[in-house]
Colleague: 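Structure incoming, see below.
Note: hydrogens, waters and symmetry copies are ignored here, and every other heavy atom, side chains too, is used. We name chains A, B, ... by the order of the sequence lines, and we start the count at 1 in each one.
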Amino acid sequence: MLESGNSSENFPSKPKNFIREIIDEDMKTNKWGGRVHTRFPPEPNGYLHIGHAKSICLNFGIANDYNGKFNLRFDDTNPSKEEQEYVDSIIEDIRWLGADFEDRILFASDYFEQMYEWAVKLIKKGKAYVDDLSADQIRGLRGTLTEAGKESPFRNRTVEENLDLFERMRKGEFENGEKVLRAKIDMASPNINLRDPVMYRIVHSEHHRQGTKWCIYPTYDWAHGLEDSIEGITHSICTLEFENHRPLYDWFLDELGIYHPQQIEFARLNLSYTVMSKRKLLRLVQEKYVDGWDDPRMPTVSAFRRRGYTPEAIINFTDIVGVAKRDAMTDIALLEYAIRDDLNKHAQRVMAVLDPLKIVITNYPAGAVEELEAINNPEDPSMGSRKIPFSNEIYIEKSDFMENPPKGFHRLVPGGEVRLRYAYIIKCEEVIKNDKGETIELRCTFDADTKSGTGTSNKKVKGTIHWVSAKHALNAEVRLYDRLFTVEEPDADKEKDFIELLNPDSLKIIPKAMIEPSLKSSRPGDRFQFERLGYFCVDYKNSSDEKLVFNRTVTLKDSWVKSNKK
RNA sequence: UGCCCUGUGGUGUAAUUGGCAACACGUCUGACUCUGGAUCAGAAGACUUCAGGUUCGAGCCCUGACGGGGCAGCCA
């Protein structure tokens, strides 16, 4: 299934898919002279999300495997929506993913002059004209899905008049919307995109890179193929909604007689329990349902990064998901598998108690402290071990003790025994409660012969639980994230506002979790497994030496919780 | 009502181009375990949307239905 070969470490060669088959065929026929050149063309009007990551991995993965090149190109053809902040975040995210565009950070706006010349060429060929109709009038004449459109009264202007008008459009002699340049194709085409599409519109506003140099801006359909052509792209990979635009992509390039890449469309990624449209994500940010584009509950690349996902996991996920042409809804479980799989191998284990219950070990000398050895990662012996302090007062997880346990519960119960991870077996002798009848403390005894690693006792217990020493534990804030929405497809119901489907429990903050002292030296971005709880990452925005903040990346699988739900 | 694309276990993808439907996730057993994790062994789960046709043989080819998606921005 996997081919071996020449690829960088982060991007192992990928499974075959229909696009790679097309490329294999092109290599065989020498269609592009053995060249492969792909690109990722974001519009800088939002942050990248996991769907973009799929596209980046696809495009870069292909270039990487075929010894080709990969361009980052900002499709900045609409000055009213685009901002430098987005350019910066996009570059950062792609770099983080490890997709290497070398020195090729390109901008469509750098090609405006060339595009203009090509537009003049089309006008001279009688294939483009300046139209005075308003947007509404153009819409009115476009026809419908079932009826042909009608030709504009300005459609048959002379070449000279069109040239003159187009030049004056560029010079700024007209207001926004006063005139457009349209391709002269076929108002009766069953493909609406071919009914004399607009090539240039007048927009008097400041462009993030061009300033006020231009007041006419190319539309996507006109510009995109030209950008690909200029850069020598071989395979212009885009999502399904552009399929109907391909005839237009081809038409422009053919009429111009310039280098002609091949457009190939694939189905965009949909993930369950989230939304992926930039518009909706923008709304979540602007209306403050989340704390910015990198709020760890968002499906953006920056949010996954902040939450503790690794680029490897995301890359692997995009491989698992594959590439095809039918729309699909990918189960978030696939993504969670990818990150668990990665972190299981690489994350250091530590102990932390989120919901503490105090235990006093009555037969352990008060004031004594033992340094116990704990393995950093059972999956990777090279990660070594560390010392953790043990004393007569510890905290365990409240949920690891039950007075009236259900069948099959093998943790602490009154009179029962349990192993403290890397320490001793203890026995619960007494349950101390407050006025309300809530358990507030346990008195236990420990068995000195059962120290971990000594093998001096044959005693076996059903369960092992995590703990921290009360007087050594550090405090930290822990943020527990859950899916952002309560339903699989928040945007399935067109009648219902997706905001109503937000999960009210998508974030739970634990202000004072107790964590083992070795975490003192952890740095923003460090990833850990809190044993038996999940994977956590030091938040790089809000964490500090004074106050550590951990984000939960993903829980561990828990077959006990699962079997108990039944 | 037009045009384009697309229908394979719960989910996502495969099927060497016509040869008894495979992989991953998920689910469920069992083993092991000082993480109810991981690992290991195994199981269940698909008459490949439907109906015709061609063929010795069809998920792949043909015809017709039906379902899903996209398209009427001077957005991309």
Side-chain angles (χ1 to χ4, degrees), chain A residues 1 15-17 41-43 45 75 77-78 80-81 131 133-136 138-140 142-149 176-182 189-195 197-203 216-217 219-221 223-224 238-247 265 267 269 272 278-279 319-338 340-341 344-345 349 351 375 378-379 408-411 418-423 425 450 452-453 460-466 488 529-534 555-564:
Chain A
M1 193 162 169
K16 282 294 169 202
N17 56 52
E43 185 190 13
N45 68 345
D75 203 7
T77 55
N78 186 349
S80 53
K81 295 164 60 181
D131 198 341
L133 260 26
S134 69
D136 282 347
I138 287 179
R139 190 178 310 122
R142 186 146 33 220
T144 67
L145 295 176
T146 52
E147 298 163 44
N176 288 356
E178 214 178 313
K179 286 182 167 37
V180 290
L181 184 73
R182 298 176 74 180
S189 172
N191 182 340
I192 291 180
N193 297 126
L194 262 22
R195 321 241 262 229
V198 171
M199 295 164 60
Y200 278 95
R201 72 283 210 188
I202 298 171
V203 184
I216 56 171
Y217 288 90
T219 57
Y220 171 88
D221 283 318
H224 206 85
C238 62
T239 45
L240 250 30
E241 68 269 26
F242 295 106
E243 207 154 21
N244 294 328
H245 295 246
R246 186 170 6 113
E265 311 85 14
L269 174 71
S272 61
K278 274 194 205 171
R279 211 203 90 245
D319 288 344
I320 291 169
V321 162
V323 181
K325 291 197 73 164
R326 69 186 101 114
D327 355 56
M329 173 62 67
T330 297
D331 193 332
I332 189 105
L334 289 172
L335 215 209
E336 292 180 345
Y337 162 77
R340 283 194 190 107
D341 187 48
N344 175 50
K345 292 176 199 139
R349 272 61 170 174
M351 292 202 282
I375 293 168
E379 304 295 316
F409 181 83
H410 29 115
R411 281 110 85 175
V418 75
R419 172 170 289 285
L420 296 175
R421 177 81 155 153
Y422 296 124
I425 290 175
T450 59
S452 289
K460 291 275 180 198
V461 287
K462 290 173 294 184
T464 299
I465 62 174
H466 60 277
E488 271 192 51
Q529 183 195 98
F530 289 0
E531 293 215 26
R532 305 210 305 132
L533 295 174
T555 60
L556 253 31
K557 282 214 300 191
D558 189 340
S559 54
W560 167 249
V561 166
K562 210 178 288 167
S563 67
N564 250 268

Colleague: I'd like to know if the side chain of A:S189 reaches the main chain of A:L194, judged simply by a donor and an acceptor atom lying under 3.5 Å from each other, with no hydrogens or angles considered.
Modeller: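 Checked: no pair found.
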
Colleague: Between C1' on B:rG26 and CG on A:L335, what's the gap in Å once rounded to a whole number?
Modeller: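 Value for this atom pair: 14 Å.
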
Colleague: I'd like the P distance from B:rC47 over to B:rG10, given in whole Å.
Modeller: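 After rounding to an integer number of Å, I get 8 Å for this pair.
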
Colleague: Side chain of A:A328 only, please: which of B:rU13, B:rA76, B:rC25 is the nearest?
Modeller: B:rU13

Colleague: Using a 4.0 Å heavy-atom cut-off across all strands, classify A:R411 as base, sugar-phosphate, or nothing.
Modeller: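 The residue A:R411 makes base contact.
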
Colleague: Base, sugar-phosphate, or nothing for A:V321, non-hydrogen atoms under 4.0 angstrom?
Modeller: sugar-phosphate

Colleague: Please measure how far the P atom in B:rA15 lies from the corresponding atom in B:rC71, and state the result in whole Å.
Modeller: 29 Å

Colleague: Touch check for A:M329, heavy atoms < 4.0 angstrom, all strands: base, sugar-phosphate only, or nothing?
Modeller: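 Counting heavy atoms under 4.0 Å across all strands, the contact made by A:M329 is with sugar-phosphate only.
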
Colleague: Contact class for A:H466 (heavy atom, under 4.0 Å): base, sugar-phosphate, or nothing?
Modeller: nothing

Colleague: Write down the distance separating the C1' atoms in B:rU1 and B:rA72, rounded off to the nearest Å.
Modeller: 14 Å

Colleague: Between B:rC66 and B:rU29, how many Å separate the two C1' atoms, rounded to a whole number?
Modeller: 40 Å

Colleague: Please give the distance between the C1' atoms of B:rC4 and B:rA24 as a whole number of Å.
Modeller: 32 Å

Colleague: Since syn is defined as within 90° of 0, does B:rG68 count as syn or as anti?
Modeller: anti

Colleague: With syn defined as a glycosidic torsion within 90 degrees of 0 and anti otherwise, which applies to B:rU17?
Modeller: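 In terms of base orientation relative to the sugar, B:rU17 is syn.
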
Colleague: Within the 4.0 Å heavy-atom criterion, would you say A:F242 contacts the bases, only the backbone, or no part of the nucleic acid?
Modeller: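 Base: the residue A:F242, judged by heavy atoms under 4.0 Å, touches a nucleobase.
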
Colleague: Pick base, sugar-phosphate or nothing for A:E243, based on heavy-atom distances below 4.0 Å to the nucleic acid.
Modeller: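 A:E243: backbone/sugar contact only, no base atoms under 4.0 Å.
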
Colleague: Can you check whether any acceptor in the base of B:rG37 is under 3.5 Å from a donor in the side chain of A:E379, or vice versa?
Modeller: yes

Colleague: Assign A:G408 to base, sugar-phosphate, or nothing according to its heavy-atom contacts below 4.0 angstrom with the strands shown.
Modeller: base

Colleague: A:R349 CZ to B:rU35 C1': how many Å, rounded?
Modeller: 8 Å

Colleague: Using a heavy-atom cut-off of under 4.0 Å over every strand shown, decide if A:E147 touches base, sugar-phosphate, or nothing.
Modeller: nothing

Colleague: Go ahead and name the base partner of B:rA15; Watson-Crick or wobble counts if both distances stay under 3.5 Å, otherwise write none.
Modeller: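 Matched B:rA15 with nothing under the 3.5 Å cut-off.
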
Colleague: Test your reading of the model: is there a side-chain donor-acceptor pair from A:T464 to the backbone of A:R421, 3.5 Å cut-off?
Modeller: no

Colleague: Between P on B:rG2 and CG on A:N191, what's the gap in Å once rounded to a whole number?
Modeller: 15 Å

Colleague: Count the heavy atoms of every other residue, nucleotide or ligand shown that sit under 6.0 Å from CD1 of A:I332, and state whether that count exceeds 12.
Modeller: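 Atom CD1 in A:I332 is crowded, with more than 12 foreign heavy atoms closer than 6.0 Å.
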
Colleague: Answer with base, sugar-phosphate or nothing: what part of the nucleic acid does A:R142 contact at a heavy-atom distance below 4.0 Å?
Modeller: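 The answer is sugar-phosphate, as A:R142 gets under 4.0 Å only of primed atoms, P, OP1 or OP2.
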
Colleague: In whole Å, measure the gap between the C1' atoms of B:rC23 and B:rC62 for me.
Modeller: 31 Å

Colleague: Could you say whether A:K81 or A:H410 is positioned toward the 5' end of RNA chain B, judged by the nucleotide with the nearest heavy atom to each?
Modeller: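 It is A:H410, whose closest nucleotide lies nearer the 5' terminus.
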
Colleague: B:rC66 pairs with which nucleotide, Watson-Crick or G-U wobble, both distances below 3.5 Å?
Modeller: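 Partner of B:rC66: B:rG7.
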
Colleague: My understanding is that a pair needs two contacts under 3.5 Å, Watson-Crick or G-U wobble. By that rule, which nucleotide pairs with B:rA38?
Modeller: none

Colleague: If you measure from the C1' atom in B:rU55 to the same atom in B:rG70, how many Å do you get, rounded?
Modeller: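 Taking atom C1' in both B:rU55 and B:rG70, they lie 36 Å apart.
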
Colleague: Classify A:G453 by what it touches in the nucleic acid, base, sugar-phosphate, or nothing, heavy-atom distance under 4.0 Å.
Modeller: base

Colleague: Looking at every heavy atom in both A:D221 and A:H245, which two are closest together, and how far apart are they?
Modeller: OD1-ND1, 2.7 Å

Colleague: Got a donor-acceptor pair under 3.5 Å from the side chain of A:R326 to the base of B:rU8?
Modeller: yes

Colleague: Under a 3.5 Å limit for both distances, which nucleotide forms a Watson-Crick or G-U wobble pair with B:rG26, could you say?
Modeller: none

Colleague: Which nucleotide in the list B:rA76, B:rA72, B:rG36 gets nearest to the side chain of A:D558?
Modeller: B:rG36

Colleague: Choosing from B:rG12, B:rA38, B:rC4, which nucleotide comes nearest the side chain of A:N344?
Modeller: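 That would be B:rA38.
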
Colleague: Side chain of A:T146, heavy atoms from C-beta onward: which of B:rG70, B:rU1, B:rG7 has the nearest atom to it?
Modeller: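 Selected nucleotide (nearest to the side chain): B:rU1.
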
Colleague: Need one value for A:L145: base, sugar-phosphate or nothing, where a base atom within 4.0 Å counts as base even if backbone is also close, heavy atoms only.
Modeller: base

Colleague: Describe the nucleic acid contact of A:Y220 in one word from base, sugar-phosphate, nothing, applying a heavy-atom distance below 4.0 Å.
Modeller: base

Colleague: Counting side-chain heavy atoms from CB outward, which of B:rA72, B:rU27, B:rC4 is closest to A:T144?
Modeller: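 My answer, after comparing the listed nucleotides, is B:rA72.
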
Colleague: With heavy atoms under 4.0 Å as the rule, sort A:T219 into base, sugar-phosphate or nothing.
Modeller: sugar-phosphate

Colleague: With a 3.5 angstrom cut-off on both distances, give the Watson-Crick or G-U wobble partner of B:rC71, or none if there isn't one.
Modeller: B:rG2

Colleague: When rounded to the nearest Å, what value does the distance between C1' atoms of B:rG73 and B:rG7 take?
Modeller: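 My reading of the C1' atoms in B:rG73 and B:rG7 gives 31 Å.
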
Colleague: Any base atoms under 4.0 Å from A:P378, or only sugar-phosphate, or nothing? Heavy atoms, all strands.
Modeller: base

